[in-house]
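Data first, discussion second: the structure below is written as structure tokens.
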Number of protein chains: 2
Amino acid sequence: MDELDWKLLSLLQDNARMTYTELARQIHLSVPAATERVKRLEDAGIIEGYVAKVNAVAAGYAVSALIAITVPQPAKVKFLKLLDTIPQILECHHVTGADSYIIRLVAVSMASLERLIEQINLYGETRTSIVMSTPLPPRALKQPPASK
Amino acid sequence: MDELDWKLLSLLQDNARMTYTELARQIHLSVPAATERVKRLEDAGIIEGYVAKVNAVAAGYAVSALIAITVPQPAKVKFLKLLDTIPQILECHHVTGADSYIIRLVAVSMASLERLIEQINLYGETRTSIVMSTPLPPRALKQPPASK
DNA sequence: GCTGAAACGTCGGAGCT
DNA sequence: AGCTCCGACGTTTCAGC
């Protein structure tokens, strides 16, 4: 993981469809050398994949929300199985603190969101935060400062 | 936005580096037709971009956390300016409910996380949830069910 | 990590349904 | 309007160094 690898990560986080030819040009290396570095980053699990970012509102999902929930230990397995069957649930993190899980989901309408929450809080008390705006849009991972 | 557009979105959310030739093959259309559809999805703002997913732990960030914070109205602008200067902050949503903002960030160590939180809670009371695991890894946006 | 050549993918224009 | 075909060009891949 040298400077050039971080430069590649930065370029690919910015535009995952950039050609190897262009990547090579930007890091001042030959095409096979750049390609080889990207392959190594993939094989090392540092690059987990390449995804298109879809705008939820433009795609017809009017509402995004974050839901925190506390689930009693014995119910956790069943709870996760339920989440798996609901495609509107986009992300779920198991966290420390007062809550067990924090979930990110989308819904086509408030009525739909209400139905989703009804299903979810069969497993525990929920706290719902509706996303009004995203002042800091998802950002690329940078090279950690050397001295920290 | 017909079935084929959703199929394209699904394929590109799964592998943003898929070639137009392969995309065309999968949706049983000619290459120019598939290319044209993708361009239209981009121009319509439905596809916002293409990003490489980087594994934070593999990249040297041992800790991920979600922080909820309540910021008094007059301090919000300064608060957002601070967030902008901290590269470890990857995401920030303005939400309804008890909290003003929910932030996602990474840190190389617990000590580093502590320093970041110290900076952030100059602006309000924070509630920190450290991510232990992600049982449901970030998922693709699917076509909303027609009947809801 | 570099070069060169063959295979493959991309992008435009003309013509078709 | 959207699709197909085709040719020129750019990109990827693999060999050998």
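Just so we're on the same page: letters track the sequence lines, and every chain starts at 1.
In this structure, of dG1(C), dC3(D), dT11(D), it is dG1(C) that holds the atom nearest to the side chain of Ser30(A). Ranking dT3(C), dT4(D), dT11(D) by closeness to the Thr21(A) side chain, first place goes to dT11(D). Closest to the side chain of Thr19(A), from the set dT12(D), dT3(C), dT10(C), is dT12(D). Of the listed nucleotides (dT11(D), dG1(C), dT13(D)), dG1(C) has the atom at the smallest distance from the side chain of Arg37(A).
At the heavy-atom level, Arg25(A) lies nowhere under 4.0 Å from the strands shown. At a threshold of 4.0 angstrom between heavy atoms, the contacts of Val31(B) with the nucleic acid are absent.
The interatomic distance linking Leu23(A) (CG) with dT12(D) (P) rounds to 8 Å, in whole Å. Asp2(A) has its CG atom 13 Å from the C1' atom of dG1(C), to the nearest Å. Taking atom CG of residue Leu29(B) and atom P of nucleotide dT17(C), one finds them 18 Å apart after rounding to whole Å. Distance Met18(A) CE to dG9(C) P: 21 Å, rounded to the nearest Å. For Glu36(B) and dG12(C), the CD to P distance is 10 Å, given to the nearest whole Å. In this structure, OH of Tyr20(B) is placed 17 Å from P of dT4(D), rounded to the nearest angstrom. Atom pair Arg17(A):CZ and dT10(C):C1' shows a separation of 11 Å (rounding to whole Å applied). dG9(C) atom P lies 21 Å from atom CD of Glu22(A), rounded to whole Å.
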(request) Applying salt bridge (Lys or Arg N to Asp or Glu O under 4.0 Å), run through Arg25(B) and Glu22(B) and close with a yes or a no. (result) CA-CA 5 Å; Arg25(B) 192 161 18 228; Glu22(B) 181 60 22; 2.9 Å; yes
(request) Please report the C-alpha distance between Arg37(A) and Asp2(A) in whole Å, then the side-chain angles of each, then the deciding distance to 0.1 Å, and finally whether the salt bridge (Lys or Arg N to Asp or Glu O under 4.0 Å) criterion is met. (result) CA-CA 11 Å; Arg37(A) 277 172 179 265; Asp2(A) 60 7; 2.9 Å; yes
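A donor-acceptor pair is defined here as one N or O able to donate and one able to accept, closer than 3.5 Å; such a pair exists between the side chain of Arg17(B) and the backbone of Met18(A). Listed for the Arg139(B) side chain is a donor-acceptor partner under 3.5 Å among the backbone atoms of Asp84(A).
In this model, a donor atom of one side chain and an acceptor atom of the other lie less than 3.5 Å apart for Glu42(B) and Tyr50(B).
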